[in-house]
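Chain identifiers are assigned alphabetically (A, B, ...) following the order of the sequence lines, protein sequences preceding nucleic acid strands; residue numbering begins at 1 within each chain. These numbers come from the heavy atoms of this one structure, side chains and all, not from hydrogens, waters or symmetry mates.
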2 protein chains.
Amino acid sequence: MYMEVCLLFLLGLALSQSCELSLPGCTDGGALFITKAPQVCGVRVQLEMQALWRQFDQLGTEMIVTKSGRRMFPTFQVRISGMDPSAEYVLLMDFIPVDDKRYRYAFHNSSWLVAGRADVAAPSRMHFHPDSPAPGAQWMKQTVSFDTLKLTNNLLDDNGHMILNSMHRYQPRFHVVYVDPAPNSHLNAYKNFCSFSFPETRFMAVTAYQNHRITQLKIASNPFAKGFRTTDPQDADYGSLPASLPSGDAFGRLVQRCSGKETQACGLSSHGASAAKPER
Amino acid sequence: MYMEVCLLFLLGLALSQSCELSLPGCTDGGALFITKAPQVCGVRVQLEMQALWRQFDQLGTEMIVTKSGRRMFPTFQVRISGMDPSAEYVLLMDFIPVDDKRYRYAFHNSSWLVAGRADVAAPSRMHFHPDSPAPGAQWMKQTVSFDTLKLTNNLLDDNGHMILNSMHRYQPRFHVVYVDPAPNSHLNAYKNFCSFSFPETRFMAVTAYQNHRITQLKIASNPFAKGFRTTDPQDADYGSLPASLPSGDAFGRLVQRCSGKETQACGLSSHGASAAKPER
DNA sequence: CACTTGACACCTAGGTGCGAATTT
DNA sequence: AAATTCGCACCTAGGTGTCAAGTG
């Protein structure tokens with residue numbers, strides 16, 4: 001990892017956060033106040049394993065956090081197009097709180113209830129894809145996987161894992177940063193990146209699964225949990241088609257509409273689904 | 001991997017090979033005809049697990065080659081110092097034939113015999129360390145390991161493995177290449193790298209072990225072969241001190257003298273042990 | 001009571017030499 | 001006969017949820 005590179009776009013991401021707060025939405029192909037650099041303005045990102053992500057999302061995805069760090073399942077993986085093949089990019093992820101609430105699970109009716117305001121925010125970290133930096137051609141060649149990313153609830157973690165508060169809800173974000181070789185490129189940092197959020201990847205951080213249906217879906221779909229399977233080893237075709245369509249609620253329709261195709265970066269702070277921003 | 005970088009020093013390495021053939025030796029700190037770039041002239045490389053390598057070398061190291069590719073054991077690992085911390089380097093390995101001979105093993109007296117001239121040379125490949133390119137600081141931070149390198153006897157291999165002829169003897173080489181950002185840096189390619197050979201890492205490529213003592217030492221020292229151990233699980237302290245000193249032959253003394261300490265690059269084509277070149 | 005921790009059995013993924021079968 | 005190939009049992013290394021125990 002290149003330290004000098006990292007420092008370069010910390011500024012950029014900070015800008016991104018504040019812009020997200022101040023702007024209500026980002027219309028697809030709408031007028032732009034800030035022009036993005038050509039190296040990032042055409043970047044398109046497609047979430048892999050969408051069908052599986054949606055299955056989990058319908059039930060209310062939960063992700064285990066442990067002291068030593070736990071992988072995400074499903075793994076966050078994307079296919080990228082529209083990069084400048086010869087330009088250098090850094091790819092990274094972070095996690096932002098979906099709201100300012102703490103939750104608890106009501107077993108009697110299998111639903112999440114608000115249990116007060118959020119705890120003090122965990123130290124915010126970024127996870128750089130280990131292949132960073134690399135030329136666009138390399139990133140676009142095949143699926144980019146964040147399978148080495150781990151989630152922890154240890155506030156003092158020194159393994160570089162992503163620190164989250166259990167019983168809080170998070171939205172993964174994906175950032176594409178163009179490594180500008182120009183001198184004083186920091187002056188253009190805000191032009192040199194774009195960000196993507198896929199609403200169907202939101203999840204509740206937990207230390208133990210609460211919703212039994214989530215547990216069952218993890219066991220059915222994660223190869224490492226095969227030891228807990230009881231049913232046929234048949235139903236393992238995730239990743240192509242959703243086993244069931246999104247249900248009739250507004251959120252379901254939104255997800256279907258916005259992430260059914262690949263996603264284009266929009267001008268200021270790009271989202272996987274432009275109108276499907278986390279509720280704030 | 002950066003293709004443009006690769007192309008840059010192919011020339012350099014080619015030069016290296018021809019120089020090795022034409023020059024009888026490379027005296028430690030002697031007068032130099034060609035001045036190396038400051039980024040590489042002070043680079044020092046120390047072989048890890050020397051004691052283990054020497055134990056194998058005394059018996060006549062054998063490395064398995066398979067169609068699908070086999071790791072080396074011991075693994076080629078080095079500690080590096082003397083790099084420019086902020087300069088970019090590419091690290092790579094290749095394997096050169098020790099001689100022009102084909103061998104066979106005489107079981108009756110446990111020795112290798114010459115069995116004619118070498119077969120047609122296998123396609124010569126280079127193995128780039130997967131972290132390449134990276135700044136000197138990163139390479140020097142910890143041991144650099146080539147544990148993902150695999151050896152194959154499949155002339156048509158398309159997995160990027162190192163292709164070797166079975167029953168032929170090879171010398172691993174290690175190359176440090178400075179990535180010169182200057183325009184027309186290819187004109188200086190021969191200045192921008194240095195190479196290291198450790199005589200104790202020479203080996204015979206085989207499809208099945210010939211010397212039973214080699215088999216036993218592999219079983220005793222490779223964790224993955226633990227299933228074949230019969231003796232105490234005690235004698236597993238390789239890497240610190242040699243269990244037995246090199247025996248009384250000239251080669252043993254040579255190895256001891258030349259690779260007992262860390263090794264400095266010398267001017268033209270640097271070797272781990274300057275006078276311990278493979279016999280040609 | 002709600003939540004967290006840690007030992008555990010059970011997996012995946014892949015690196016070993018063995019030994020029978022096959023090829024040259 | 002010599003050399004190679006392949007399935008195999010046996011490992012390492014580490015990712016699963018479970019369950020009992022611990023914490024506040």
- Query: Where each residue is assigned the nucleotide of DNA chain D containing its nearest heavy atom, which of Q216(A) and A115(B) is assigned the position nearer the 5′ end?
  - Reply: A115(B)
- Just grab all the side-chain hydrogen bond (donor to acceptor under 3.5 Å, both in side chains) pairs involving residues 65-75 of chain A, residues at least two apart or on different chains. none
- Item | Protein-nucleotide distance (E62(B), atom CD; dA3(D), atom C1'), rounded to Å | 13 Å
- Message: Assess the residue pair M126(A) and F128(A) against the criterion (side-chain contact (heavy atoms from CB on, under 4.5 Å)); give the C-alpha distance rounded to whole Å, side-chain angles, the decisive distance to 0.1 Å, and a yes or no.
- Response: CA-CA 6 Å; M126(A) 303 180 184; F128(A) 295 83; 4.3 Å; yes
- Do H127(A) and D94(A) have side-chain atoms, one donor and one acceptor, less than 3.5 Å apart? no
- Give a yes or no on whether the ring-centroid distance for Y89(A) and W139(A) is below 6.0 angstrom. no
- Task: Would you sketch DNA chain C in dot-bracket for me? Only Watson-Crick or G-U wobble pairs with both distances under 3.5 Å count, crossing pairs as [ ], other-strand pairs as |, the rest as dots.
- Result: ||||||||||||||||||||||||
- Provide, to the nearest angstrom, the distance between the CG atom belonging to L217(A) and the P atom belonging to dT16(D). 14 Å
- Task: Enumerate the residue pairs fulfilling ring pair (Phe, Tyr, Trp, His ring centres under 6.0 Å) with a member in residues 152-172 of chain B, sequence neighbours excluded, ordered by first and then second residue.
- Result: none
- Query: For residues S111(A) and N109(A), is any side-chain donor paired with an opposing acceptor at under 3.5 Å?
  - Reply: yes
- Task: May I have the distance from L149(A) (atom CG) to dG15(D) (atom C1'), rounded to whole angstrom?
- Result: 15 Å
- Determine whether T201(B) and Q171(B) make a side-chain contact, defined as any pair of heavy atoms from C-beta on separated by less than 4.5 Å. yes
- Pick the nucleotide of DNA chain D nearest each of H212(A) and R71(A); which residue has the one closer to the 5' end? R71(A)
- Rounded to whole Å, CG of N211(A) lies from C1' of dG17(D) at a distance of 15 Å
- Going by atom types alone, do R54(A) and Q58(A) pair a side-chain donor with an acceptor below 3.5 Å? no
- Sugar-phosphate only, base, or nothing, as touched by R70(A) at under 4.0 Å among non-hydrogen atoms: base
Can you give me every donor-acceptor pair (side chain of residues 140-151 of chain A, partner residue at least two apart or in another chain, under 3.5 Å) with its distance?
unit_1: T143(A); atom_1: OG1; unit_2: E48(A); atom_2: OE2; d: 2.7
unit_1: S145(A); atom_1: OG; unit_2: Q77(A); atom_2: NE2; d: 3.1
unit_1: S145(A); atom_1: OG; unit_2: D147(A); atom_2: N; d: 3.3

- Students should find that the nucleotides of DNA chain C closing off the region near chain B, any atom under 4.0 angstrom from a heavy atom, are dG14(C) to dC18(C)
- Message: Nearest to the K150(A) side chain among dA3(D), dT16(D), dG15(D), which nucleotide is it?
- Response: dG15(D)
- Should R169(B) and Y103(B) count as side-chain neighbours, where that means a heavy-atom distance under 4.5 Å? yes
Between the protein and nucleotides 4-8 of chain D, list the N/O to N/O atom pairs that are separated by less than 3.5 angstrom.
unit_1: dT4(D); atom_1: OP1; unit_2: S166(B); atom_2: OG; d: 3.4
unit_1: dT4(D); atom_1: OP2; unit_2: S166(B); atom_2: OG; d: 2.9
unit_1: dT4(D); atom_1: OP2; unit_2: T207(B); atom_2: OG1; d: 2.7
unit_1: dT4(D); atom_1: O5'; unit_2: T207(B); atom_2: OG1; d: 3.3
unit_1: dT5(D); atom_1: OP2; unit_2: N153(B); atom_2: ND2; d: 2.9

- Note on the structure: Note: for F224(A) and F228(A) on DNA chain C, the residue whose nearest nucleotide lies more 5' is F228(A)
- Task: I would like to know whether F198(B) and D57(B) meet side-chain contact (heavy atoms from CB on, under 4.5 Å); could you show each step before the answer?
- Result: CA-CA 11 Å; F198(B) 297 92; D57(B) 190 43; over 6 Å; no
